[in-house]
Every structure is written in structure tokens, then in C-alpha cells.
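Chain naming here is simple, since letters A, B, ... match the order of the sequence lines and numbering starts at 1 in each.
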Number of protein chains: 2
Amino acid sequence: MYTIHEVCERTGLTAHTLRYYEKEKLLPNVSRSAGGFRQYSDEDMESLAMICCLKNTGMSLQDIARFMELAREGDQTLRERCELLERHREAVLARMEEMQRYLDKVTCKVDYFTEKLREFEENRSK
Amino acid sequence: MYTIHEVCERTGLTAHTLRYYEKEKLLPNVSRSAGGFRQYSDEDMESLAMICCLKNTGMSLQDIARFMELAREGDQTLRERCELLERHREAVLARMEEMQRYLDKVTCKVDYFTEKLREFEENRSK
DNA sequence: ATATACCTTGAAGTTTACTCTAAGTCAATA
DNA sequence: TATTGACTTAGAGTAAACTTCAAGGTATAT
């Protein structure tokens, strides 16, 4: 079992964010100690790893919450989760390709600016 | 010269968003017709292309506004803009690599779920 | 000429994802 | 035992990027 502080260190999320995610049903049902403090299990840590994967590939918290709900429903939602993840994967790939295309344009601009700068400094030194 | 409607079609931005970007100094100084309607020049269109590149690679509107301000100041800001774009480029590449790593984990999960689903359906058919 | 559709402005409202505050509880240490 | 620091909650506040609204002006087709 991990304290909220330990989970912060492992996930990079703040305690505020962890409590927020709990409220938003991304990871509800975190158990409490006798004193009412959060205790995260290894299973919770795995769920958090998944949550971070989905979040860092651009899924909204709402969609993550729905995915985690399906996960809690067990094996009968395996197909649905599989399809959902596959669709997400394709959307992310498309997004990355789009980003690459825009980045290529930025790279062109950098090259163009570099050349223009060279000319500009040459003129100035004359 | 293009009307706001034409610019929407070409850029995929809404008229609301174009007016918002003007207010936020991403592209101020758009000229007006006699009746007060916006008229976008070819130069404005080029600026908008740059704005979209930066936005779609994840730059904040605030940072874009600063970049566009430098652009309006002319050639003496070439070096600064060059460096700024280069830094942005590297940040985007790092972000894309990070995304790729998270996506690889998602792919692993999809494979794992697919296998688990196969087993599950096999058991059910028995 | 008038109806309709589109444009203008400033300002208020929305969504997402936090982030902070206040008031109080719990745990560990001097 | 007292104090320090971390934890709890509900709820308010924030920042970014739109998005909508209200009130009015403009352009054009009938």
C-alpha cells in the first residue's frame, strides 16, 4: 500500500490532482486507513499507469473515466475496451502524423529564416 | 482580399475564432472595407498559415502572439525568431517521442487485451 | 423598399483540467 | 503534551481557448 505522497513521487501527479481524479471517477474506490488517509494498492498503481498513458496521448479525462469504468466491469467489456483502445491508437497516430506535417513546415521556415538572416548580416557588415 | 467567410473556409477556423485571434494580437491590423467588414490580404493569409502551424504543434496563443509581434518588427528580429522556432521544434520533437513511448504502452495493452479476449471467448464457448 | 443573411462590437458564458482555500483531523516528534 | 506537518473534505478560483449573446450596421435579392 502506498500513501498519496508516494503515489505523487511515482506518477509525477500532485496530491491535488490525484484527489481530483478520484472525484472525477478516473480511480474511485481508493481505500482508506483507519484515520481516513488514502491507501493506494498495486492495482491502483497499475490503473494510474494506464490513466497516464491515456492522458499523455491526449485522451480527455471524461473518456478516461469511461474507459476505467468499463475496466471495473470486468472481462465482459474486454471487446469494447479493445476496440476503444484501437480507435484511440489510430487517432493518436493520425494526430502525430498531422503534427509531423506541421512541424515539417516549421522546419522549412527555420531554414528560410536562417538563409534570410545570413543575407541580412552579410549586408550589414558591408 | 478575402472576406472572413473565405478565410474560414481556407483555414478551417471559425469567424468567432478569427475575431478572437485578432483581439488576442495574433493577427491585429486586419484592414476593413468601407462598411467596416474585415478584408484579409495575402500576407494575412500567410501569417494565418504560420499561426496554424504553431498552434497545431502545440504552441500557446500567448507565445504565438509574441512570435507574430517579432515578425511585425522586421528583419532585426530574424535571429530571435530563428532561435525561438528552433527551440519550439526541439520541444515538439521531444513531445512526439514521449507520445510515441506512451502509445507503445497502449499498443502493448491492446495486444494483451486481444489475447485475453481470445481466451475469454474460448472459455465461454466450451 | 424590405426581408434576409451576414457582418460588426463588447461583454458574458462555457469547457477542461486543474489549483487553491478554509476548516478541521491525524500522526509523529521534542 | 504540545506542536508541527501532512492529511481530509467541500467548495471556490484560475487559465486557456474558445463560444455565445445582444444590439445593431451592411449587402443583396425580390
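Counting heavy atoms of neighbouring residues, nucleotides and ligands inside a 6.0 Å radius, atom CD of B/Glu43 does not exceed 12 of them.
The B/Ser60 side chain lies nearest to D/dA17 when the options are D/dA17, D/dA27, D/dC7.
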Exercise. Let me see the working for B/Thr3 and B/Arg38 under side chain to side chain donor-acceptor pair (under 3.5 Å), right down to the final yes or no.
Key: CA-CA 6 Å; B/Thr3 67; B/Arg38 283 173 181 78; over 6 Å; no

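Comment: B/Glu98 engages B/Arg95 in a salt bridge, judged by a side-chain N to carboxylate O separation of less than 4.0 angstrom. Look at A/Asp63 and A/Arg66 and you find a salt bridge, because one of the NZ, NE, NH1 or NH2 atoms lies within 4.0 Å of a carboxylate O, short of that distance. With respect to the salt-bridge test (charged N to carboxylate O, under 4.0 angstrom), the residues B/Glu122 and B/Arg118 qualify. No salt bridge links B/Glu119 with B/Lys116; every basic N to acidic carboxylate O contact stays at or beyond 4.0 Å.
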Is there any protein nitrogen or oxygen under 3.5 Å from a nitrogen or oxygen in nucleotides 18-22 of chain D, and what are the pairs?
{"unit_1": "D/dC18", "atom_1": "OP2", "unit_2": "B/Tyr21", "atom_2": "OH", "d": "2.6"}

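Summary of the strand contacts: A/Ala34 and B/Thr3 both lie near DNA chain C, and taking for each the nucleotide with the nearest heavy atom, the more 5' one is attributed to B/Thr3. The residue among B/Gln62 and B/Ser33 whose nearest nucleotide of DNA chain D lies closer to the 5′ end is B/Gln62.
Think of the region where chain A sits on DNA chain C: with heavy atoms and a 4.0 Å cut, that region ends 5' and 3' at C/dA17 to C/dA27.
Look at CZ on A/Arg38: it is 17 Å from P on D/dA6, rounded to the nearest Å. For A/Leu18 and D/dT9, the CG to P distance is 12 Å, given to the nearest whole Å.
Going from atom OG1 of A/Thr57 over to atom CG of B/Asp104 covers 11.0 Å, rounded to the nearest 0.5 Å. Atoms SG and NZ, from B/Cys108 and B/Lys105 in turn, are 9.5 Å apart once rounded to the nearest 0.5 Å.
Using a 4.0 Å heavy-atom distance criterion, B/Arg19 is classed as a base contact. A/Arg32 comes within 4.0 angstrom of the backbone, heavy atoms only, and of no base.
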